[in-house]
Amino acid sequence: MQYWLMKTEPDECSIDDFANNPSDVIRWDGVRNYQARNFMRNMHIGDEVFIYHSSCAKIGVVGIVRVTRTAYPDPAQFDANSPYFDSKSTKEKPRWDAIDLQFVRKFPQVISLDKLKSLPELAENPLVRKGNRLSVVPYTKAERDAILALV
DNA sequence: GCCAACGTTGGC
DNA sequence: GCCAACGTTGGC
């Protein structure tokens, strides 16, 4: 079991999209950063993923989902009508991957970025580093447990 | 809306 | 392979 965190703008996809349909499997697509993609390729079925809401009123970790399908070519990269279309991507050599996720739990309140920054366990984590733009971040169990202790 | 930090692109 | 220009991210 590995632990991850994935960022999303709640306007695009929020923890409520998972919580409102807990039996649904939701495709996590549109990742267009190589480092983030490579992390996605390392995910396994059952891995736990924190959902983080960014660029919104209540920034922070809002809940947990789990991986139900490992990395596969993101269909959006082939769709000329999609904002995630990539003209340099081919079916033979796809550039970008998606994974599937399913709801696990929503926290009663958002664990704010301020609180995350206050955790000594997270001091080295890219999430709380200024200028960090990585949308998929791996977590150690110690980091994950420190966050869960704030729920 | 601002802007610092970062990743990507493309000319050389 | 360097690096300036550019576009994007994301907190404030």
Side-chain angles (χ1 to χ4, degrees), chain A residues 2-20 26-43 47-67 69-140 142-151:
Chain A
Q2 291 178 276
Y3 304 100
W4 310 90
L5 177 145
M6 299 180 96
K7 293 183 192 172
T8 177
E9 297 187 18
D11 290 349
E12 293 274 328
C13 178
S14 83
I15 189 67
D16 288 325
D17 294 325
F18 289 96
N20 293 339
I26 295 181
R27 173 184 294 145
W28 198 271
D29 60 4
V31 172
R32 294 294 180 269
N33 169 284
Y34 289 105
Q35 202 180 349
R37 182 205 65 186
N38 292 341
F39 283 133
M40 287 170 75
R41 289 182 173 174
N42 288 332
M43 291 180 178
D47 279 3
E48 208 178 86
V49 180
F50 282 122
I51 295 296
Y52 175 94
H53 285 176
S54 68
S55 300
C56 62
K58 284 189 167 184
I59 296 168
V61 176
V62 292
I64 295 176
V65 298
R66 67 186 173 85
V67 176
R69 184 179 171 188
T70 55
Y72 58 96
D74 178 356
Q77 69 195 309
F78 308 123
D79 178 1
N81 295 317
S82 167
Y84 302 122
F85 177 66
D86 185 344
S87 61
K88 292 179 188 145
S89 200
T90 64
K91 300 233 173 181
E92 293 70 33
K93 281 201 163 187
R95 278 185 162 188
W96 306 113
D97 282 10
I99 56 163
D100 288 352
L101 298 170
Q102 188 176 19
F103 181 69
V104 174
R105 65 182 289 202
K106 178 183 174 181
F107 300 148
Q109 65 276 318
V110 179
I111 302 176
S112 69
L113 182 57
D114 275 351
K115 279 194 176 177
L116 295 170
K117 283 179 176 169
S118 75
L119 291 176
E121 291 89 345
L122 284 193
E124 301 299 314
N125 193 282
L127 182 71
V128 299
R129 287 278 168 94
K130 191 178 181 184
N132 166 58
R133 303 173 56 178
L134 196 56
S135 63
V136 181
V137 187
Y139 275 72
T140 65
E143 289 172 322
R144 172 258 194 186
D145 289 345
I147 291 173
L148 273 187
L150 293 177
V151 176

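Just so we're clear, the structure is a prediction, and the values are computed from it rather than from any experiment. In the text below, chain A, chain B and the rest are named by the order of the sequence lines, each starting its count at 1.
Between A:Met6 atom CE and C:dG10 atom P the separation is 12 Å, expressed in whole Å. Whole-Å rounding puts the A:Asn132 CG to B:dA4 C1' distance at 13 Å. Whole-Å rounding puts the A:Asn38 CG to B:dG7 C1' distance at 14 Å. Spacing between atom CG of A:Leu134 and atom C1' of B:dT8 amounts to 15 Å, rounded to whole angstrom units. The distance from atom CZ of A:Arg129 to atom P of C:dG11 is 16 Å, rounded to the nearest whole Å. Rounded to whole Å, atom P of B:dC3 lies 13 Å from atom NZ of A:Lys130. Taking atom CG of residue A:Asn33 and atom P of nucleotide B:dA5, one finds them 19 Å apart after rounding to whole Å. Atom CD in A:Glu9 sits roughly 15 Å away from atom P in C:dC12 (whole-Å rounding).
No side-chain donor from either of A:Tyr84 and A:Asp79 sits under 3.5 Å from a side-chain acceptor of the other. A side-chain donor from one of A:Asp47 and A:Trp4 sits under 3.5 Å from a side-chain acceptor of the other. A side-chain donor from one of A:Asn125 and A:Glu143 sits under 3.5 Å from a side-chain acceptor of the other.
A salt bridge is absent between A:Asp74 and A:Arg27: the closest approach of a Lys/Arg side-chain nitrogen to an acidic carboxylate oxygen does not fall below 4.0 angstrom.
Listed by residue number, the members of residues 106-116 of chain A with any heavy atom below 4.0 angstrom from DNA chain B form an empty set. Shown for residues 51-60 of chain A: residues whose heavy atoms fall under 4.0 angstrom of DNA chain C, namely A:Tyr52, A:Ser54, A:Ser55, A:Ile59.
Screening A:Ser82, A:Ser89, A:Ser87 against A:Gln77 for a side-chain hydrogen bond (donor to acceptor under 3.5 Å, both in side chains) leaves a single residue, A:Ser89.
Here the side chain of A:Asp17 pairs a donor or acceptor atom with the backbone of A:Ser14 at under 3.5 angstrom.
Geometrically, A:Arg41 does not engage A:Phe39 in a cation-pi contact, judged by NZ or CZ lying under 6.0 Å from the ring centre and within 45° of the ring axis.
Regarding contacts with the backbone of C:dC12, a side-chain N or O of A:Lys117 is found under 4.0 angstrom from either OP1 or OP2. For C:dG10, one of the phosphate oxygens OP1 or OP2 lies less than 4.0 angstrom from a side-chain nitrogen or oxygen of A:Lys7.
With sequence neighbours excluded, the residues that form a salt bridge (Lys or Arg N to Asp or Glu O under 4.0 Å) with A:Asp86 are A:Arg95.
Under the 30°/60° scheme for interplanar angles, the aromatic rings of A:Tyr139 and A:Phe50 are found to stand perpendicular.
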